[in-house]
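I have placed the structure first, in the form of structure tokens, so that the comments after it can refer back to it.
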There are 2 protein chains.
Amino acid sequence: MAEGVRARQRDQTRATLLREGRRLFAAHGYAAVGLAEIVRAAGVTKGALYHHFSGKPDLFRAVLGQVQQEVADRVAGAADRRDDPWDRFTAGCREFLTAATDPDRQRVMLVDGPAVLGWTEWRSLDEAASGRHLAEALAELVRTGVISRQPVAPLAHLLSGAMNEAALWLAGSTGPADLADTWAALSRMLDALRAADPAGRAG
Amino acid sequence: MAEGVRARQRDQTRATLLREGRRLFAAHGYAAVGLAEIVRAAGVTKGALYHHFSGKPDLFRAVLGQVQQEVADRVAGAADRRDDPWDRFTAGCREFLTAATDPDRQRVMLVDGPAVLGWTEWRSLDEAASGRHLAEALAELVRTGVISRQPVAPLAHLLSGAMNEAALWLAGSTGPADLADTWAALSRMLDALRAADPAGRAG
DNA sequence: CCATTGACATACCAACGGTATGCGAACTAG
DNA sequence: CTAGTTCGCATACCGTTGGTATGTCAATGG
């Protein structure tokens with residue numbers, strides 16, 4: 001990519017728009033940020049913005065995709081550093097908890113995301129990013145008999161929601177032990193998944 | 001309340017505004033509904049709306065409070081129908097799951113709520129309504145030694161988030177067994193709370 | 001019966017997201 | 001090298017929106 005003067009300038013303008021849009025959305029929320037403010041921060045005009053994106057929601061969609069990708073990469077990275085399926089699962093959960101607590105991602109990913117794009121599209125995007133790793137990890141745990149045979153979709157949603165809300169709370173909490181306590185509670189929940197498997201440990 | 005002609009008219013106007021606002025917010029989402037549409041549906045003008053509420057967010061806040069109160073009442077009602085602390089807890093969770101799945105409450109309470117008012121205020125309002133019952137139920141379970149001694153706040157957030165996300169998913173899901181599967185998975189999670197208590201069963 | 005207040009209606013405004021058009025520099029065909 | 005085309009924006013403009021300032025008239029209370 002970026003062959004020629006024009007293409008390079010184009011990529012840079014788009015990147016600047018994304019960067020400033022993300023910064024402002026994360027800091028003040030989607031509704032409180034006007035397009036005028038974004039293009040002013042980026043040093044361009046609304047013409048440039050509407051040349052790269054179809055509108056304000058589309059810019060937000062691009063920002064959200066970027067944020068989700070970062071989180072997904074960190075989760076996948078943490079998981080791939082382990083071999084045992086159970087370790088991969090728990091390490092991914094733990095990494096998600098810390099990655100989603102980042103205030104630069106929090107608001108865009110967990111608060112404005114569902115409201116701006118609608119819950120359905122937000123869920124679909126989340127599923128395509130980090131949510132996919134969670135479902136796959138659970139599926140493998142079921143397949144290898146580590147946890148009992150059961151539908152993974154409800155489980156994935158329950159765990160995803162739990163971690164999302166926990167991350168939201170942790171970001172604004174003041175207690176220094178809150179992260180440790182939350183992880184302890186979540187860890188007990190996860191452990192219960194395999195502990196409560198009296199029967200079939202065979203694939 | 002409602003003594004005198006003027007006071008009665010006032011209450012009725014406010015109630016109509018709340019009813020139509022809630023209907024439209026629930027159906028199309030906060031951002032997609034204009035004040036003009038609301039006051040037209042209510043048969044009044046913007047002057048009336050701004051006489052009763054300080055603005056669009058304030059009207060939404062009133063609608064959210066109403067929705068949260070309904071859910072909290074159903075949760076408390078289901079819990080009060082039992083005696084055993086554990087039964088009260090699980091019955092409340094189950095009732096919340098179905099009450100929050102109602103499409104008339106869903107969007108206002110779980111999607112637009114945090115985005116419009118900010119997560120902090122939303123959490124505070126939720127805590128004052130149904131969230132309080134959850135925290136109290138958990139506290140009692142800890143106090144009576146049914147579940148192990150641990151900080152209840154992280155646990156409450158994890159469970160609250162799990163149920164919120166599950167309700168969101170259930171509202172748009174098509175599978176007839178999804179509700180049963182979700183409750184089964186959540187039920188296992190809850191059971192694990194008391195099962196994973198090897199030591200202190202004394203207060 | 002009159003002054004006051006409360007519950008609105010009316011008229012208006014700035015700001016917003018979005019669109020239509022203009023324009024010059026970068027590419028491309030000959 | 002050059003003419004023509006396209007691309008990447010800038011400029012100017014528009015309808016709608018949330019919000020405000022002011023007017024109005026009936027209910028209230030003394």
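Residue numbering restarts at 1 for every chain, and letters A, B, ... go by the order of the sequence lines.
Proximity note for B:K46 (side chain, C-beta onward) versus D:dC9, D:dG18, D:dA27: the nearest is D:dG18. Looking at the side chain of A:T45, the nearest of the listed nucleotides C:dA9, D:dC9, D:dA10 is D:dA10. The nucleotide whose nearest atom lies closest to any side-chain atom of B:L35 is, among D:dG18, C:dA9, D:dC7, D:dG18.
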(message) Apply salt bridge (Lys or Arg N to Asp or Glu O under 4.0 Å) to residues B:E70 and B:R22 and explain how you reach the verdict.
(response) CA-CA 13 Å; B:E70 290 176 8; B:R22 172 174 177 172; 2.7 Å; yes
(request) Go through A:L59 and A:I38 one step at a time and tell me if the side-chain contact (heavy atoms from CB on, under 4.5 Å) criterion holds. (result) CA-CA 10 Å; A:L59 171 62; A:I38 296 176; 3.9 Å; yes
(request) I would like to know whether A:L64 and A:D112 meet side-chain contact (heavy atoms from CB on, under 4.5 Å); could you show each step before the answer? (result) CA-CA 9 Å; A:L64 175 62; A:D112 285 336; over 6 Å; no
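Residue order along DNA chain D, read from the 5' end via each residue's closest nucleotide, puts B:Y30 first among B:V5 and B:Y30. Remark on DNA chain C: of its neighbouring residues B:R6 and A:Y50, the 5'-side contact belongs to B:R6, judged by nearest-heavy-atom nucleotide.
Within the nucleic acid shown, A:V39 has no heavy atom closer than 4.0 Å to any nucleic acid atom. Across all strands, A:G47 comes closer than 4.0 Å to base atoms (heavy-atom distances).
For B:L49 and D:dT17, the CG to C1' distance is 13 Å, given to the nearest whole Å. One interatomic measurement links the two molecules: CZ of A:R8 to P of D:dG8, which rounds to 14 Å at whole-angstrom precision. As rounded to whole Å, 14 Å separates atom C1' of D:dC9 from atom CZ of A:F53. In this structure, the CZ atom of A:R40 is 14 Å from the C1' atom of C:dA15, given to the nearest Å. Rounded to a whole Å, the CD atom of B:Q9 is 14 Å from the C1' atom of D:dC25. The distance from atom NE2 of B:H52 to atom C1' of D:dG19 is 17 Å, rounded to the nearest whole Å. Distance, B:L17 CG to C:dC8 C1': 11 Å, rounded to whole Å.
In this structure, the side-chain hydrogen bond (donor to acceptor under 3.5 Å, both in side chains) partners of A:D58, at least two apart in sequence or on a different chain, are A:R61.
Contact check of residues 56-66 of chain A against DNA chain C (heavy atom, cut-off under 4.0 Å) returns A:K56. Within residues 21-28 of chain B, no residue approaches DNA chain C, by heavy-atom distance under 4.0 Å.
With respect to the salt-bridge test (charged N to carboxylate O, under 4.0 angstrom), the residues A:R123 and A:D126 qualify. At a threshold of 4.0 Å, the pair B:R23-B:D104 does not count as salt-bridged, since none of the basic side-chain nitrogens sits closer than that to a carboxylate oxygen. By the 4.0 Å N-to-carboxylate-O rule, B:R40 lies too far from B:E37 to be salt-bridged with it.
Between A:H51 and the phosphate of D:dC9, there is no side-chain N or O to OP1/OP2 separation shorter than 4.0 Å. When the side-chain nitrogen and oxygen atoms of B:T13 are compared with OP1 and OP2 of C:dC8, one or more of them lie within a distance under 4.0 Å. The side chain of B:R10 places an N or O atom within less than 4.0 Å of a non-bridging phosphate oxygen (OP1 or OP2) of C:dA7.
With A:E165 contributing its side chain and B:A162 its backbone, the two residues share no donor-acceptor pair below 3.5 Å.
Using cut-offs of 30° and 60° on the angle between ring planes, the pair B:F60 and B:F25 is perpendicular.
In this structure, B:E20 and B:A41 approach most closely via the heavy-atom pair OE1-CB, 3.5 Å.
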